[in-house]
Amino acid sequence: MSEEREFVPKIVYFMCSWCGTGGAETAAAHHLRYPENVIPSRVNCTGALPAVHVIRPLIEGADGVVISGCHPGDCHYDDGNFRARRRVALVKSLLDTLGLEPERVWFRYVAHGEGRRFVDTAAEFNDHITRLGPNPLKTRSDT
Amino acid sequence: MEEQAFTPTIVGFLCNWCTYAAADSAGVSRFKMPPSVMVVRVMCSGRVDPLFVLTAFLLGADGVLISGCWPGQCHYQTGNLQARRRTTLLKSIFDTLGLEMGDRFRLSWISSSEAPRFVQVVKEFDKQITDLGPSPIQDELFL
Amino acid sequence: MPNESTVLIYGTNLGGYRAAYALGKRGHKFILLNRGSYVDEEKYQALAQLPLDFCWICGHMPQRAFKASGAMQDCYNAQLLAVSGEAGHFHVKFKKRDKPVNNFACTECDQCIEVCPVEVGEGKAIRVVPEAGWENCYVIDFEHCTRCGACEEVCPTGALKVERPEEVVEADVGAILLADAFEEPSDDDLRDFGLGQGPSVIRNSEVARRSLLTNFVRDSVRLPSGRMPQTFAVIVTPHFNRPGVEYENYNLSVSAIYRAIRLKEILPEAEVTVFLHDYRGTGKGHHQWYMKALDAGVRVERAETLSVVPDETVEEAAIHYTSLEGESRTQSVELAILVTGQSPPSQMEELSRLTGVQADENGFCRLRPFSCCETDVDGVFAVGELTGPKGNPETVWDGCAALTEMQRYLGEKNVAPGAAPSLRDVAGEPTRVGVFICSCFGQFDDRMDLPGLVERARALPGVSHAEIIEGCCTGPTIQATAERIKESGVNRVVLATCTPLQKKGKYDKAVMTAGLSPLLCEYLRFREDVIQVHTDPEGMLMKSLALIRGAVEKVKRGRHVSPLVDTFDGRALVVGGGLAGLTAATEIAANGFPVVLVERENELGGQTKYLDEEQREYVKGLISSVNASDNIACYTQAKLGQVEGYAGNYHAVIETPTTPVSVDAGVIFVATGAQESLPQGFLYGEDPAVMTQAELAERMKGGETADHVAMIQCVGSRTPEVPYCSRLCCNQALEHAILLREQGAEVTVFYRDIASYGKTNYYRLAKEAGVSFIRFPGDDVETGYPEVRRNGAGLEVVSEGESHPADWVVLSTGIVPDAENNEALSELLGYPLDYEGFFSSDISNYPYEEAIKKLTKPFELGSNGIFPVGLAHSPRSFEETILTAKDAVGRALVVIGKNKMPPPNKMFVAAVHESLCMGCGVCVDVCPYGARVIDEIERVVKIRPFLCDSCGSCVAICPNNASYLQDFKGEQSVAALDALLV
Amino acid sequence: MSDNGIVLAAEDGVEAAFIGWLKETLNKNIFDALLIPVGTPAGDSFAYLLLQEPAILDSASPLPPVMPVQGGKAIGRLTMRENPSKRIAAVVRPCEARAAIELSKLEQAHLDNVCLITLDCPGVLPLADYLVDPVAGAARFKEASAQWDRSPMRPTCQVCDHFSLRQAPGCDLHVGTLGCPDGTAVVVAGSSKGDHVLEQMDMGGQDEDEQADFLNTAVTDWGTQVEQVEEAQTERRRQAQEDLREEIAGAEKLLGVFSSCINCHNCQRVCPVCYCRQCYFESAALKLPAENYLARAERKGALRFSPDTLLFHIGRASHMALSCVSCGACEDACPMDIPVGQVFSLLGDRAQKALGYVAGTSLEDPLPLVSYEMDELHEVEQPYVEVYPNQEVQDA
Amino acid sequence: MPEGATSSAFASERLQINQGAEETVRELLRSLLESGKVNAVLALGRTGGPSGGVAYSLFRDPEAFGADGDALPLLPFMPANAGGLLSRLTLEGPVAEPVAAVVKPCELRAFIELVKLSQGNLDNILLISSTCGGVYPLDMGIDGSLEKKLPTYWERMEQGELDDDVRPTCRACESFVPEGADITVALLGEADLDTQCTLHLNTERGAAFAGDMEGTTVSGKRDSEALERSLDERKAFREELFAGVGVGLKDLIHTFGRCIGCHGCKTVCPICYCRLCYFDSQNCERPAGFYEGELARKGGLRVPSDTVYFQLGRMAHMAISCVGCGMCTDVCPADIPVSTMFSKVGAAAQAVFDYQPGRDVTEEIPLRTFEEEEFTEVAT
């Protein structure tokens with residue numbers, strides 16, 4: 001329990017360079033706050049995020065991975081986010097099958113103007129992961 | 001009876017500067033020689049990758065002839081000397097494995113002025129291979 | 001004396017923005033007069049009009065690039081004072097007052113806000129408006145501002161001046177574009193709907209506004225008391241409002257339906273009723289969404305009249321309405337959402353005084369017949385809502401159509417791109433990474449320990465230099481940074497500053513001035529990702545370091561690649577010689593580009609038989625100008641044989657009756673038209689008294705008439721087989737009905753929904769003319785349609801058991817795509833058809849066409865240089881057909897004929913390690929732009945850099961990293977990821 | 001599936017009859033060549049031979065006791081760059097045909113001139129077991145397959161539910177033996193290509209109708225039999241996969257499973273649908289400087305080296321699980337007896353289910369990751385219906 | 001001469017420690033990590049918990065070498081050739097701070113060979129090796145039989161003998177005495193390995209790192225009788241082994257006939273350093289036309305083909321550098337005696353060029369050099 005409180009998760013937040021990023025910037029312009037331990041990583045499009053890039057952080061030190069891109073129909077590249085959705089489904093299925101806590105991966109649309117939605121996602125996911133506790137893989141030396 | 005009928009297939013990797021020239025003038029001067037050698041022109045005997053020889057044999061060549069400039073005369077200084085080492089290695093491999101391919105290929109030095117010697121070598125080699133008969137590799141299905 | 005090349009754009013509606021974008025891209029200067037005090041004070045018009053709850057239209061404007069290149073001059077608080085001269089040589093006079101904060105000097109450091117002593121509500125007298133996609137605007141609330149000047153003093157770049165002088169500016173322009181903004185009806189206009197009279201009535205635009213930072217969530221509809229309503233009414237107000245007060249833009253019904261569906265998504269238990277008179281979903285996908293709403297359990301109530309009476313205190317409103325059958329009902333809801341239309345433009349009088357343009361009977365700007373944006377005054381154009389209610393596509397198309405129409409008044413392009421700085425190839429140099437951390441003019445110093453960060457950054461492997469810079473977003477600081485990069489002798493750069501989204505251009509400029517390719521650099525959003533969103537110093541330090549570590553690992557592995565250039569063929573190929581094709585051909589030719597026109601039939605003109613005289617004349621005119629033009633080669637009885645290549649480089653073979661002709665072209669217009677669907681049943685073809693609207697028109701021309709005429713709408717439309725509204729039939733039927741009435745005939749219209757649209761409200765006119773309307777249960781297609789029977793000599797129409805005698809039965813039949821032809825062509829061009837069987841809009845139209853961001857998409861090559869126009873694209877009226885053609889031409893004019901065209905993303909394009917590529921083609925399948933193709937000989941994928949928008953889908957789908965983006969290589973991304981997590 | 005078919009019959013067993021039939025196809029010049037497993041000279045294994053000499057067929061074995069090379073891979077090697085000009089019949093097991101079909105979707109096989117012929121498959125022995133004593137192995141296999149006893153077969157084969165491709169449109173001809181009277185088998189066509197072959201092979205002879213009736217009864221009997229077994233197998237598979245998941249699920253167990261992996265990547269090299277020339281996990285992307293490894297070692301206290309073992313397995317799954325045909329080749333090739341085959345077919349089944357796809361059963365279905373529906377998979381979208389109540393995000 | 005073959009590798013200085021070999025090595029490594037003298041240690045260790053397997057790891061935490069730590073530095077097992085791993089570690093440049101590696105002689109030779117090929121970097125790598133009694137085959141590491149074997153193994157080690165169950169390759173290994181190691185742990189033929197142990201500090205670096213271990217420094221001639229004996233035994237076994245694989249085309253095809261084409265031998269071979277093997281490259285992806293041609297010529301051919309081509313070709317590429325580590329045999333799912341074939345061929349070829357792979361980093365790889373006057377008999 002006391003550990004629970006001390007545990008600060010490492011979280012990678014993949015965001016597309018258009019909406020996801022835009023949401024983060026709107027949040028900043030509004031001086032909305034979110035936890036420091038949520039580390040953003042930009043990709044041009046969620047559709048450009050290889051499955052391996054979601055899996056690797058979960059093995060190499062992240063407690064959770066959250067992915068944000070444009071809303072359906074809003075993708076700067078038309079359908080990248082639809083493809084991303086399938087890829088996330090695949091990764092979640094694999095993790096689930098292997099009992100590796102698919103709930104450590106989140107996929108939520110955030111549009112450019114949606115600063116609040118962005119920080120909420122960061123904060124909500126952070127709390128969610130904090131409740132889940134540390135990712136057992138990240139400290140395993142035999143991965 | 002079959003023996004006589006047999007005309008070998010010999011692949012000749014000839015160096016552009018010496019042996020190929022020699023073969024050329026041999027042809028120009030209408031020297032008679034067995035038709036068995038299929039000439040492959042290479043810029044230097046040093047270019048002959050051991051895999052060339054292997055490939056030739058596996059694709060059914062009865063013999064392989066590599067020929068370049070005399071030591072010290074290589075257009076590229078030392079290509080032929082490296083060829084010699086490679087050839088040595090390949091021979092050693094064949095011999096260790098008891099593959100008669102060792103006897104089925106030959107490295108020789110023939111300068112551009114030695115057309116007669118070229119004819120000589122070809123005749124000898126052709127004889128040597130004819131005596132050996134068809135390469136057993138040809139009818140192996142499981143290579 | 002040559003014509004002026006600059007264009008004056010008055011107002012900021014979507015059409016105006018689009019025109020500005022196209023002008024800038026084409027190379028014309030433009031002056032943007034904004035009545036508002038900042039970039040889009042009027043922005044929410046988009047929200048009122050958009051069915052979606054997100055919007056970033058303005059973000060598509062490369063305004064910084066435009067300003068840098070001198071293409072754009074934007075003026076605020078502007079007012080047009082005088083216009084003199086004539087088309088091509090207007091002299092305009094206007095006054096403007098600059099925004100207190102000059103965005104180009106502003107670093108958005110927020111110090112002004114911090115020092116401002118005046119508290120106003122949550123914020124201060126100076127505040128930031130971040131929603132604007134262009135840039136974060138700092139606006140001063142002059143009501144409360146004390147003019148103390150504290151903000152001016154603290155501004156590090158002198159970007160802020162509280163008092164800006166009002167300036168009067170004069171300019172010479174070749175053309176004037178009136179694009180005054182959409183105007184929402186006032187609360188008073190909506191008084192019948194109880195707006196402002198109680199807590200439980202709200203505008204849809206307000207809901208959208210509330211959703212800005214979150215998208216549409218429960219809180220967007222939460223009642224003032226904090227209670228979550230469970231019963232909703234979504235009301236399309238123009239259907240019930242007083243005449244002339246508000247007009248219905250074409251997507252209003254579907255906006256209401258969309259809102260209802262979203263409500264059901266977030267509150268599945270809620271009762272949602274959409275109140276409208278008719279469902280007027282005339283655009284692509286609209287009918288689909290209607291059906292979806294019904295599936296979602298949304299109740300759609302059709303009413304004749306409707307008013308809302310909210311309770312002043314209790315959060316409840318009573319909807320009083322009369323059903324179509326005339327019985328009056330009342331329904332009480334907790335929240336009524338008003339989907340409102342638009343008011344007639346308030347500026348018309350002023351504008352006609354200044355420019356001489358005329359208002360029409362409804363108070364909108366009058367246009368010349370058969371033109372898209374031409375007003376009565378040569379050289380003066382009007383676009384978007386100013387000229388009448390529209391759908392979003394039409395509004396946006398106006399913009400590019402305007403570009404097409406105004407070409408003839410404009411001189412040579414007057415914007416030349418600046419010379420690119422020469423970059424040095426760093427190959428072979430040992431990697432030296434420089435980390436430059438922005439202090440935002442000392443602003444960040446007290447937010448976190450920058451020197452400490454620099455120390456730790458310097459210690460990272462591969463980093464040879466790290467320092468704090470003042471900034472990299474103002475002229476001087478950009479220069480200074482470039483200098484520092486040069487002096488430090490690094491060959492890789494990590495810039496930790498702020499928003500690349502808005503300032504990438506500036507950072508690129510800095511590093512390129514220093515001779516480095518942006519591929520060797522990474523820009524961190526230090527401010528957005530750390531400074532402004534966090535407080536804990538230690539955590540901030542850790543996070544910054546992680547980000548820098550990641551960036552360093554990325555740039556270490558960056559390689560210099562020099563961008564390629566391609567030429568965009570100036571020729572155009574037009575398939576189809578109907579109205580759309582002829583328009584496109586003539587307009588392209590008029591701009592001096594050669595055109596090849598291919599027509600299937602043996603003469604041009606397409607389906608003219610349904611046209612009236614004027615329209616026929618117009619088409620004839622087009623045909624003769626086609627024949628007259630030296631720029632147009634015309635092949636009749638010909639069809640497209642084969643097509644290869646891509647945007648800017650198409651090679652086609654045309655099969656003619658004689659010999660095949662091979663044609664090179666940069667763009668292809670698909671104008672192959674569509675067909676009238678032939679009715680089945682209803683005794684059509686069996687009884688001469690049963691006819692289609694087209695046939696009716698013929699007969700009426702021949703002077704025939706009848707006593708009792710029955711019309712049946714939606715014959716062969718909005719059925720499972722033809723799942724869309726054919727858009728034209730209703731207006732056509734109504735016009736005929738009115739004419740017949742004038743000749744004294746009794747006219748009864750059997751309908752499901754009267755989807756009439758446009759400025760002229762034929763629906764009302766018809767009713768006033770005494771046409772009677774009978775609705776048949778429309779949503780059940782099987783049993784819904786009335787039955788036509790013989791009754792003695794005459795006929796009878798039986799609907800819901802009731803018989804209605806008729807002499808004529810007129811069937812309003814829809815328009816159906818030429819399926820066979822379209823599929824073949826789609827195959828040939830590799831261009832998709834939409835689910836309706838028409839050629840798709842240039843990009844995916846999810847959730848439906850009004851997802852306007854799609855229409856304003858700035859990536860010109862997104863459609864691979866292929867433009868479906870006219871009926872090939874969707875059912876369109878004569879005028880709209882012309883509009884689609886001129887819009888397409890406008891978009892083509894932006895790229896066509898460019899000799900040295902760099903890839904849209906310069907060096908940031910996709911590439912392939914051919915030695916690893918297996919030629920499996922999955923990347924080809926996922927590429928949204930056809931920027932990749934399999935080389936059948938080598939069995940590897942080749943790139944078409946000019947179609948590549950560098951989304952990276954190819955990278956994600958490629959199993960072994962054979963595909964990569966120049967700035968997103970496998971080795972880069974993995975190393976960077978690891979570094980984030982150390 | 002077309003109703004076109006024939007009945008094979010011969011005193012000396014189905015295999016002989018089938019081989020005879022194949023010879024006939026060569027003699028009748030219906031095919032120019034066959035691709036079929038043949039015993040190796042040493043007599044200790046089998047290899048796919050491409051042959052046109054009917055004589056060689058005598059040493060051929062349509063259903064060898066082991067699967068040293070996955071037939072799909074063989075077909076892929078043969079046709080990866082182009083369609084062969086000759087008409088080739090490939091006699092392969094169902095899972096091998098499915099692999100070939102996946103490969104053709106990935107442009108790694110060109111099947112226009114290839115006729116896929118599959119047989120009801122009793123499974124194969126684990127390669128290692130067999131190699132201990134090939135002769136005994138062969139006998140064991142013969143005996144077991146005779147009564148469709150899968151117990152000695154590889155684990156993946158024991159729970160195979162696609163042992164008969166009678167329903168798969170991609171497969172051209174299928175030889176049904178399950179439940180057929182001794183010495184007989186039915187040959188049915190799964191495609192027009194197959195139909196065409198049967199028509200050409202139609203020897204006529206007995207009275208058409210009689211033949212037809214005979215055939216129909218034979219086919220129906222066989223069909224019902226197969227369906228029953230399929231049901232049973234599906235159930236076994238479900239059960240086995242449940243148990244397996246129990247054994248491997250969770251970081252602790254999973255790392256136990258892969259703990260003895262020696263990173264030889266044999267599983268990937270022999271996987272028929274892992275078509276990459278160079279695997280991502282051997283590419284430059286994961287070759288990192290020492291400081292990277294050391295930093296990771298520091299965080300974890302130690303770093304298994306070679307690194308990225310788990311990443312390789314999960315990552316590979318992310319690349320191929322959607323095309324996995326559960327052939328078990330990977331497990332045969334694993335020198336460390338890791339149940340890769342079982343794990344991957346578990347991953348494959350579940351992933352394919354999640355995205356509504358069954359690998360290798362149709363040439364038409366698009367690969368799941370190159371296609372999408374606009375309205376699908378909403379379960380992976382994290383719902384956000386209300387502002388998240390959180391002090392931290394309030395304006396400072 | 002045999003004498004030199006085994007003793008030339010030792011420096012005269014050696015450190016005698018009154019502690020079992022295992023403990024000594026653990027102790028040494030733990031102290032090196034604790035003191036920060038080394039940044040990490042590459043050594044064998046347990047993976048996947050108690051029921052798990054064994055793999056090499058980069059250890060940072062000294063505790064790994066504590067009494068019940070995960071590390072198993074001297075385990076007679078070889079899940080990978082550490083030479084290849086060291087190459088992977090230092091491929092992009094030397095390690096900044098010292099890293100210690102506990103390797104077997106053949107692994108050490110592989111690393112040296114790779115360094116010659118610019119595939120690795122020796123700087124800052126502290127090489128710890130031992131006189132090697134061979135390792136057990138991989139499959140014994142799976143069923144746990146390895147554990148049971150250990151007592152016998154060490155017993156026979158003390159007697160200077162090899163357990164019959166260690167890999168044939170090891171029993172036929174002539175280079176079981178490490179050359180070029182900074183520290184050599186004397187194991188083979190050393191008495192009371194559980195109570196005492198000798199460290200040979202062959203280099204200054206070795207001395208510097210192991211210097212503060214408690215023990216007595218001894219110098220002067222050491223008795224290498226046991227090693228010599230082992231050498232003779234192994235030589236004898238080697239001849240047997242090599243004689244075991246027949247010669248001639250038929251036998252070659254028989255031997256490799258059951259190859260399943262996984263190329264695992266190449267993947268685990270430390271010397272095969274190519275990122276993309278020639279035999280996996282486009283060069284060996286043939287159009288259907290090629291097979292049809294062959295078919296026309298021979299009436300039938302194996303598909304996938306190139307089995308023999310691959311084996312012979314790979315020999316031509318790496319046999320000259322083959323260190324006979326036996327990984328290839330271990331990994332072969334078809335139980336082909338790959339290593340025997342390759343060592344046999346390699347040994348012969350190396351003899352021809354009088355070359356010993358991995359003996360000395362300054363020794364040129366034969367095919368990268370030549371003599372003006374040599375092999376005159378080959379070329380005529």
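Heavy-atom basis, side chains included; hydrogens, waters and symmetry copies ignored. Below, chain A is the first sequence line, B the second, and so on; all start at residue 1. These numbers were taken from a predicted model, which means no experiment stands behind them.
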Could you walk me through whether B:Q82 and E:L367 pass side-chain contact (heavy atoms from CB on, under 4.5 Å), step by step?
CA-CA 7 Å; B:Q82 286 165 357; E:L367 291 189; over 6 Å; no
So which atom in [X] and which in [Y] form the shortest heavy-atom distance, rounded to 0.1 Å?
| X | Y | value |
| --- | --- | --- |
| B:L90 | E:A316 | CD1-CB, 4.4 Å |
| B:L89 | E:A349 | CD1-CB, 3.6 Å |
| E:G300 | B:L141 | O-CD2, 3.1 Å |
| E:V247 | B:T96 | CG1-O, 3.6 Å |

Is there a donor-acceptor pair closer than 3.5 Å between any side-chain N or O of E:K298 and the backbone N or O of B:E140?
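Yes, E:K298 side chain to B:E140 backbone: donor-acceptor pair under 3.5 Å.
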Spell out, as yes or no, whether a donor-acceptor pair under 3.5 Å connects the side chain of B:R84 to the backbone of E:F375.
no
Under a 4.5 Å heavy-atom cut-off, does chain E meet the side chain of [X], its backbone, both or neither?
| X | answer |
| --- | --- |
| B:I66 | neither |
| B:P50 | side chain |
| B:T55 | both |
| B:I110 | neither |

Looking at chain B, which one of E:E294, E:R297, E:K250, E:M315 has the largest number of heavy-atom pairs inside 4.5 Å, strictly under?
E:R297
Closest-packed option against chain B by number of heavy-atom pairs under 4.5 Å, given E:I320, E:T369, E:V303, E:V352:
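The candidate making the most pairs under 4.5 Å is E:T369.
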Rounded distance (nearest 0.5 Å) linking atom [atom1] of [X] with atom [atom2] of [Y]:
| X | Y | atom1 | atom2 | result |
| --- | --- | --- | --- | --- |
| B:R85 | E:E374 | CZ | CD | 4.0 Å |
| E:L249 | B:F57 | CG | CZ | 11.5 Å |
| E:F370 | B:T88 | CZ | OG1 | 13.0 Å |

Is it true that atom CZ of B:F94 has more than 12 heavy atoms of other residues, nucleotides or ligands lying nearer than 6.0 Å?
yes
Tell me whether E:D354 at atom CG has more than 12 heavy atoms from other residues, nucleotides or ligands lying less than 6.0 Å away.
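Counting other residues, nucleotides and ligands, CG of E:D354 stays at 12 neighbours or fewer.
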In terms of heavy-atom proximity below 4.5 Å to chain B, should [X] be classed as side chain, backbone, both, or neither?
| X | answer |
| --- | --- |
| E:Y278 | side chain |
| E:F279 | side chain |
| E:F353 | side chain |
| E:L252 | side chain |
| E:D306 | backbone |

Quick one: are E:L301 and B:L143 in side-chain contact, heavy atoms under 4.5 Å?
no
Can you check whether B:L99 reaches E:L312 side chain to side chain, under 4.5 Å on heavy atoms?
yes
Heavy-atom pair count under 4.5 Å with chain E, highest-scoring of B:L54, B:N80, B:I137:
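Greatest number of close heavy-atom pairs with chain E: B:L54.
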Select, from B:D49, B:L59, B:T87, the one with the greatest count of heavy-atom pairs under 4.5 Å involving chain E.
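That would be B:L59.
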Chi angles and distances behind the side-chain contact (heavy atoms from CB on, under 4.5 Å) call for E:M341, B:L97:
CA-CA 8 Å; E:M341 299 297 282; B:L97 294 174; 3.6 Å; yes
Pair E:Y309, B:L51 - check side-chain contact (heavy atoms from CB on, under 4.5 Å), show working.
CA-CA 9 Å; E:Y309 184 45; B:L51 293 187; 4.0 Å; yes
